Chemist: 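Have a look at this one before I ask anything.
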Amino acid sequence: MQNEVRMSASILVAEAVWKDIESTRSVSNDQLSILHFLFGKNFERATRIVDQRGVKRISGEPSGRFIFQVVGESRRKEEYFCFAECYCACYSFFYDIVNRGEQLCCKHQLAARLAASLGACIEVKVSDEKLALLLSKL
């Protein structure tokens, strides 16, 4: 129970920081420090992914629905589909977050959230039909 309360408080703090970043489209050193404290190495890795322009926001038209496609850090440069707040197709999401409950989110989710908050995503427009096809493969 105590771990759940700690995670809930962390999520609330993180949400407040994300909203501040979104409102200014910039991130301060204090905000970086808070996010690093909350997410640790996953946040460091996420910042590298964003710096390397590794986040695509794939939007369906005309609905405006979207999913993120985030590049991994391995040599193979896999790309993972994710929803920043609740899901990633990577192994770490299922192992560290769903199974063990050790993390709030994976580096791909953090990269998606950071890039979206800063307006740093590569924007890709597709038809709603193509987006539905992508989602059906998750």
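Because the structure is a prediction, the values reported are computed rather than measured. Keep in mind that the numbers below use all heavy atoms, side chains included, and drop hydrogens, waters and symmetry copies.
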Chemist: In plain terms, say whether Arg113 and Glu22 are close enough for a salt bridge, that is, a side-chain N and a carboxylate O under 4.0 Å apart.
Modeler: yes
Chemist: More than 12 non-hydrogen atoms from neighbouring residues, nucleotides or ligands closer than 6.0 Å to CZ on Phe83, yes or no?
Modeler: yes
Chemist: Do Glu79 and Val70 come within less than 4.5 Å of each other through their side chains, counting heavy atoms only?
Modeler: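 Not in contact.
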Chemist: Measuring from atom CD1 of Ile58 to atom CZ of Arg65, what distance do you get when rounded to the nearest 0.5 angstrom?
Modeler: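 These two atoms lie 15.5 Å from each other.
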Chemist: Within this structure, what is the CG-CD distance for the pair Leu32 and Glu44, rounded to the nearest 0.5 Å?
Modeler: 11.0 Å
Chemist: Apply the test side-chain contact (heavy atoms from CB on, under 4.5 Å) to residues Thr47 and Leu35: give CA-CA distance (whole Å), side-chain angles for both, the deciding distance (0.1 Å), then the verdict.
Modeler: CA-CA 11 Å; Thr47 60; Leu35 292 171; over 6 Å; no
Chemist: Hey, does Leu118 have a side-chain heavy atom less than 4.5 Å from the side chain of Arg25?
Modeler: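 Sidechains of Leu118 and Arg25: no contact.
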Chemist: Roughly how far, to the nearest 0.5 Å, is the SG atom of Cys121 from the CG atom of Leu114?
Modeler: 9.0 Å
Chemist: If only atom types and distance count, is the side chain of Asp128 paired as donor or acceptor with the main-chain N or O of Ser63 below 3.5 Å?
Modeler: yes
Chemist: Nearest heavy-atom pair of Ala46 and Ala111: which atoms, and what distance?
Modeler: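 In terms of heavy atoms, the two residues are closest at CB-N, 3.5 Å.
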Chemist: Is any side-chain heavy atom of Cys105 closer than 4.5 Å to one of Asn42?
Modeler: no
Chemist: What's the separation between atom CZ in Phe81 and atom SG in Cys88, rounded to the nearest 0.5 Å?
Modeler: 10.5 Å
Chemist: Is there a side-chain contact between Val71 and Val55 in this structure, where contact means two heavy atoms from C-beta onward sitting under 4.5 Å apart?
Modeler: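 A side-chain contact is absent here, since even the closest heavy-atom pair is not under 4.5 Å.
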Chemist: Is the closest side-chain heavy-atom distance between Leu131 and Phe66 below 4.5 Å?
Modeler: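 No; the side chains remain at least 4.5 Å from each other.
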Chemist: Roughly how far apart are Glu73 CD and Ile49 CD1, rounded to 0.5 Å?
Modeler: 5.0 Å
Chemist: With a 4.5 Å heavy-atom cut-off, do Arg53 and Ile122 have their side chains touching?
Modeler: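 Yes, at least one pair of side-chain atoms sits under 4.5 Å.
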Chemist: Let's go through His108 and Tyr80 carefully: what are the C-alpha distance in whole Å and the side-chain angles of both, what is the deciding distance for ring pair (Phe, Tyr, Trp, His ring centres under 6.0 Å) to 0.1 Å, and is it a yes or a no?
Modeler: CA-CA 7 Å; His108 309 107; Tyr80 300 99; 4.5 Å; yes
Chemist: Can you tell me if OH on Tyr95 sees more than 12 non-hydrogen neighbours from other groups inside 6.0 Å?
Modeler: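 No, OH of Tyr95 has 12 or fewer neighbouring heavy atoms, counting only those of other groups under 6.0 Å.
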Chemist: Does atom CZ (Arg48) have a neighbourhood of more than 12 heavy atoms from anything else shown, all under 6.0 Å?
Modeler: yes
Chemist: Flag yes if Trp18 and Ile11 sit in one hydrophobic cluster, no otherwise; membership is Ile, Leu, Val, Met, Phe, Trp, Tyr, and two members link when side-chain heavy atoms are under 4.5 Å apart.
Modeler: yes
Chemist: To the nearest 0.5 Å, tell me how far Arg45 CZ sits from Lys107 NZ.
Modeler: 5.5 Å
Chemist: Give the cluster check for Leu104 versus Val13: same hydrophobic cluster or not, with ILVMFWY residues linked at side-chain heavy-atom distances below 4.5 Å.
Modeler: yes
Chemist: Check the hydrophobic clustering (I, L, V, M, F, W, Y; side-chain heavy atoms under 4.5 Å; chains of links allowed) and say if Ile34 and Leu110 are grouped together.
Modeler: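 Yes.
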Chemist: Okay, side chain of Gln109, backbone of Cys106: is any donor-acceptor separation there less than 3.5 Å?
Modeler: yes
Chemist: Does the side chain of Ser59 come under 3.5 Å of the side chain of Arg57 through a donor N or O and an acceptor N or O?
Modeler: yes
Chemist: Please check if Phe93 and Tyr91 belong to a single hydrophobic cluster, counting links between Ile, Leu, Val, Met, Phe, Trp and Tyr side chain heavy atoms closer than 4.5 Å.
Modeler: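 Shared cluster, no.
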Chemist: Taking CG in Asn29 as the centre, count heavy atoms belonging to other residues, nucleotides or ligands within less than 6.0 Å. Is the count above 12?
Modeler: no
